[in-house]
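Labels below follow one simple rule: chain letters A, B, ... track the order of the sequence lines, proteins then strands, and each chain is numbered from 1.
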2 protein chains.
Amino acid sequence: DRGNTGRATSACEPWGSVLGSVNPDLASERQTASFSVEKLTALLDGGTEQTRIRRAVVEAIESDPVFSRENQYFQTQNERYESAVRKAVHLQKKMHEMGWTENGPEYKALAGDVAFLLHRVFMRSISVLGSDKQIAKWIPLATQHKLIGSYAQTELGHGTYLQGLETTAVFDTATQEFILNTPKISAMKWWPGDMGRSATHTVVFAQLYVHGKCYGIHPFIVQIRSLQDHSLCPGVTAGDIGPKMNFEHIDNGYLLLKNVHIPRENMLSKFCEVRPDGTYVRQGSQKINYFTMTTVRISLISDEVLTPLMKACTIAIRYSVVRRQSKLKPGEQEAKILDYQTQQEKLLPQLAAAYAFHFINDYLQELLNRGYIEIQKKNFDMLPELHALSSGFKAVITQHCTAGVEICLRACGGHGYSLLSGLPSLYTKILASCIYEGENTILLLQAARFLIKCFMAASAGQPVPPSVTYLAAVKHGKCPAKNKLDFLSPDIYTEAYQHVAVRLTSSTAEKLQDLIQSGVNKHDAWNQCTVQLVQAAKAHCHYIAVKNFAETVEKLETKAGIQKIMKHLCDLFALHGIFSNTGAFLHDGYTSPAQMDMVTASYLDLLAVIRKDAVPLVDAFDFTDKTLNSALGSYDGQVYQRLYQWAQKSPTNQMSPAYETYLKPLLHNTLSKL
Amino acid sequence: DRGNTGRATSACEPWGSVLGSVNPDLASERQTASFSVEKLTALLDGGTEQTRIRRAVVEAIESDPVFSRENQYFQTQNERYESAVRKAVHLQKKMHEMGWTENGPEYKALAGDVAFLLHRVFMRSISVLGSDKQIAKWIPLATQHKLIGSYAQTELGHGTYLQGLETTAVFDTATQEFILNTPKISAMKWWPGDMGRSATHTVVFAQLYVHGKCYGIHPFIVQIRSLQDHSLCPGVTAGDIGPKMNFEHIDNGYLLLKNVHIPRENMLSKFCEVRPDGTYVRQGSQKINYFTMTTVRISLISDEVLTPLMKACTIAIRYSVVRRQSKLKPGEQEAKILDYQTQQEKLLPQLAAAYAFHFINDYLQELLNRGYIEIQKKNFDMLPELHALSSGFKAVITQHCTAGVEICLRACGGHGYSLLSGLPSLYTKILASCIYEGENTILLLQAARFLIKCFMAASAGQPVPPSVTYLAAVKHGKCPAKNKLDFLSPDIYTEAYQHVAVRLTSSTAEKLQDLIQSGVNKHDAWNQCTVQLVQAAKAHCHYIAVKNFAETVEKLETKAGIQKIMKHLCDLFALHGIFSNTGAFLHDGYTSPAQMDMVTASYLDLLAVIRKDAVPLVDAFDFTDKTLNSALGSYDGQVYQRLYQWAQKSPTNQMSPAYETYLKPLLHNTLSKL
């Protein structure tokens, strides 16, 4: 053994634990906050009472060991699933004990870490699409968990384009049954959550055929597993679709139907019904369906998109004042990495975006509430605008926040890449939000279609919905800013954003018309404009987000320093958008090159200003350590201790058979010859 | 049991397997190739003979079941590690059998899927940093695997900034030993590959102290595990750092040293030596160290960055001609998604970038070879330029290709998110390349420092290295393009790129000088310019990449259609860069808004042109199905069959204890009351 000399003291961790005592590099950041963190938290929650309730629920959940996420990063897909089922079952008990309801704030606190979320969608779809009789039959069964529901829409070969679904449901007047089939492999249901291993029932979307005629897509309740022993029902093949980037706790499934018979009563029939003789009857307005999609898209923004970005900012910013690297000046201590301009430029715009999108979410929620009231009165006028805004913002916010989480991850260097940082799982989860509930490019094109339509109407002097009236008032002026401070005026930058949105919409509308007039088929012409249409839709949403942020700041109380710091963030959000997209603002000379240099100067100045409050601004998000589940992001900033402590618990530190099987023979075969 | 009516035929897969027969939607794409795929493959390989050798090796590896990656997406971190060790040990045998050498093309074919890659780095560092005596002692031991080596540089608290490392090595003249210690938790070695579970030895970088004086960072060979039973050596604590986004097959480790004694001979002493009496002697030039880093950064581009992007393009483009979604025109069949302009705009620029960076890699390799020859002659003049180019391009290419892989993943919608698509693991792996071997922002700032220095020298009329002579010739003209076709002229766009690189460098140099002249400390001034310095460095690399692509196309044989399609890709690469970054080109009026509209028009036209050859262009990368390991990307395009077949093999389709433990009690507790 040609080893070391061998006189060493016994090894172990030679440092006492400092966990819980705040790292001085982090503590010092909190002493100089320019505003009241507690008041900002209350603002984000919607009031101090809401903060109190949220904290109480989080405490109740986190103090219950069944809900622990301690070993989450070490678990296999099977273990994650089993843990999610355990938590879901326990949650039922807990909710009963605590008197919580499904629509209360409690559900949110679990952050999607439980199974049976699709059971809720199953219930919602019956409530919305079912007849009163169907609701009376199925909702109590589902509420009492006498069955476990799922929602089978997407197919292996079909996603966002619902009309293309291929599963068939043929009505047989003789037996009064629908016969469901998966006619081709591309027609297999694929991706539905809770369906791979758990669900006993599911709502299947299929092409309805009666007397050989196709009536399009309709929803059917289909039992897929026995309530006695959970075996698959006759004609049903189902299973789990396997590993994914995240959502390992969810059993996304596949489903193949071969001559599966279901009673006539199982077609959800609030809007359409097949009578016993095969007569197809359509009743009521289906417009409400659009409203459901709109609701879903808006409701996912807060929990599934903003929360991950806020968590990522918390982790990356706390880490960036604890991590020291290189020297800013020779002879000094190594600098906190957040003191580097490049690090500020990565993280602080993400922080500003988190606030900007929090406020636009409030705006969308309020619009949705107004829309709902109108719809109750059978007034559907707001639907097109709501649909366009929810589509556009779903795409813009998921895209922006996904990029933001990735930036946070990379800004933490190697340690960000460790699962123990919490950042990889935030990234792989938020990434899915760009795809589900409508693929982003398709959604942006839907928003663009609305924009073009409104632009044409506005140009013709017709009335248009409030969010797009600005399209009518095309101004051909120039940006009036004279110096860099002028770019801290919301009027100046909001106007610039508006100008760009109008220009991109009008120029694309013009290109579209030119193509059609030159003889190009209108569908081909549309396709040839889609890259620019996407740009226009994004510019429209960006403009509204900036305008809404500025208006929100205006209304904030001037006390406690909150308005001041929010104003800085609003400026940063707006100027970062210009700085990152200068061409759009320079293009027609609205902003001059000299003005663009002023934007750059003001933008870079703002980074240094906001940097001082960076830690208090993420503290205000008020995430507990258990919620963050990050070795880098804990409140005490004891990053290195925690990484070491957590790594030691990894299953990879158990004895591996690889030594006896491979390493020992490799080393020993030749060792004798040493 | 309120089930379905129950008369169903027995379920199973009702379609025969079509695997192996090419999907007609993919086959038709190959019939219209405008060039010879086989000749393009040979061009990429560097000749038909190279293609033949590569294919033979791939065949030898892939036909050996020990190297199978069939179940890779289902494996735990422990299983991945064990499999990597098994493959590494088997590879030794295979190499001996086949007569392969470590530097031959065979190693590349395994694509990093084996353990002991750091063993190679261990050997390389001894070869480069060790004395002849040390090389004679250690290299044979390592070659024969009488030990397993690792390379312990990075610490928990220190990455790219090597001078900050905190591990200490104190020389004791009495015992003629170095005593190594980890004085603080932040000084633990963290991340070294092969160290967590496998290595017996490692090269430790530590601050050398002799007679109380610190001589800076030096490398020491330290044994960490027994060669007899693999137990940790006295004073050594080591283990695995736990789960990461990828690289689960590698046992990245931690290492804590407590009074570990090693003999004086274990300090690698080609350049520095501690004599028995404690005299410190420096010998020879250390400049070669920079050359090593340069070599590593350039060598990773091909295997670790370009290959993943090429694979991702292959998967996403093949999938995009098989996947159909929505209709381009009413009444038509659903369209291939690659026929949508937005999908082309996502994927085709990534394809063009893959080719652009392949050619810039050739350029860098050639430069490196020339540099090596000069260094052999003790001429170090090329080092600063080589260092700047390797730093800048490492950052630019890893960043661009990582973003490209993510775009490919997202362009495949939900199925891209499944691990079975192969895209998630390509993404999580390439992402690491932005962090390791020098964090990208730091590397770009190093390249920028070189640029600023050369710009100042050039402005003062002093000579500068070839790649930056253009900085001296600042031209203040305007872009001469008159119509959109002019933008298909390499002279036009190369000149535009050059203009932007000069402008960004000169304006940042000016800002830097202004700040210093206004009294700002020069280090603070530098920090205040870093966001813009990063932009300048990127513009410089982008310019060189465009210029090199255009020059390469110029030299290609005009036969077989290859020059023509490469010209299209070169144009697309250049115009996509302008289209995505219009502000930089518009800023000082070099390009007018009207010209920018021409760029947009030409760029969008090119998408439709290249779309026709998209499949042949990825076929030319010549990946086997086993190499791609993707259900979406196989040569036959039988996407849905393969997804279904692979999903059925997932461990999540084995019986779960969750049913008996949780689901059954939940359903049955209430079932009796139904």
Side-chain angles (χ1 to χ4, degrees), chain A residues 1 3-5 7-9 11 15 73 76 82 85 89 144-146 156 161 177 185-186 223 227 230 234-235 237 239-245 258-262 325-326 329 341-342 345 417 419 424 435 441 523 527 530-531 582-583 586-587 593 640 647 650 652-653 658-659 662 666 670, chain B residues 1 3-5 7-9 11 15 73 76 82 85 89 144-146 156 161 177 185-186 223 227 230 234-235 237 239-243 245 258-262 325-326 329 341-342 345 414 417-419 424 441 523 527 530-531 582-583 586-587 593 640 647 650 652-653 658-659 662 666 670:
Chain A
D1 193 340
N4 306 331
T5 329
R7 286 181 309 280
T9 46
W15 317 280
Y73 301 129
T76 65
E82 282 148 26
V85 170
V89 171
Q144 296 158 53
H145 283 93
K146 291 178 183 172
L156 199 36
Y161 183 66
E177 291 171 337
I185 188 162
S186 55
Q223 181 171 353
L227 290 171
H230 219 235
T237 304
D240 185 278
I241 66 165
K244 301 145 290 186
M245 276 189 102
K258 177 127 186 175
N259 292 327
V260 173
H261 294 237
I262 59 166
Q325 161 109 353
S326 275
K329 290 178 202 166
Q341 190 188 47
T342 45
E345 215 265 322
Y417 191 80
L419 293 201
I435 301 163
T441 304
H523 302 287
N527 191 26
T530 46
V531 167
T582 56
L586 288 167
H587 190 97
Y640 301 133
S650 169
T652 51
N653 282 315
Y659 175 66
Y662 306 111
L666 179 74
T670 51
Chain B
D1 193 342
N4 306 330
T5 329
R7 286 180 308 279
T9 46
W15 317 281
Y73 301 129
T76 65
E82 282 149 25
V85 170
V89 171
Q144 296 159 52
H145 284 92
K146 291 177 184 173
L156 199 35
Y161 182 67
E177 291 171 337
I185 189 161
S186 55
Q223 181 172 352
L227 291 172
H230 219 236
T237 303
D240 186 278
I241 65 165
M245 277 189 101
K258 178 126 188 177
N259 291 327
V260 174
H261 295 237
I262 59 166
Q325 161 109 354
S326 276
K329 290 177 201 165
Q341 190 188 47
T342 45
E345 215 264 323
Y417 191 80
S418 162
L419 292 202
T441 304
H523 302 287
N527 191 27
T530 45
V531 167
T582 56
L586 288 167
H587 191 96
Y640 302 133
S650 169
T652 52
N653 282 315
Y659 175 66
Y662 306 112
L666 180 73
T670 52

*How many angstroms lie between CE in A:Met245 and CG in B:Leu419, if you round to the nearest 0.5 Å?*
8.0 Å
Non-hydrogen atoms of chain A under 4.5 Å away: do they reach the side chain of [X], the backbone, both or neither?
{"X": "B:Ser650", "value": "side chain"}
{"X": "B:Thr76", "value": "side chain"}
{"X": "B:Tyr659", "value": "side chain"}
{"X": "B:Val531", "value": "both"}

For chain A, the option from [options] that forms the most heavy-atom pairs under 4.5 Å:
{"options": "B:Thr441, B:Thr530, B:Leu156", "answer": "B:Leu156"}
{"options": "B:Pro593, B:Gly239, B:Gly242", "answer": "B:Pro593"}
{"options": "B:Ser326, B:Gly414, B:Ser418", "answer": "B:Ser326"}
{"options": "B:Asn527, B:Thr582, B:Val85, B:Ile241", "answer": "B:Asn527"}

_Has B:Asn653 got a side-chain atom pairing as donor or acceptor with A:Asp240's backbone, closer than 3.5 angstrom?_
yes
*Could you tell me which of A:Tyr417, A:Tyr640, A:Tyr662 has the largest number of non-hydrogen atom pairs under 4.5 Å with chain B?*
A:Tyr417
*So which heavy atom on A:Pro243 is nearest to which on B:Tyr73, and how close?*
CG-O, 3.4 Å
*Side chain from CB out, backbone as N, CA, C, O: work out which of these in A:Ile435 comes under 4.5 Å of a heavy atom of chain B, or both, or neither.*
side chain
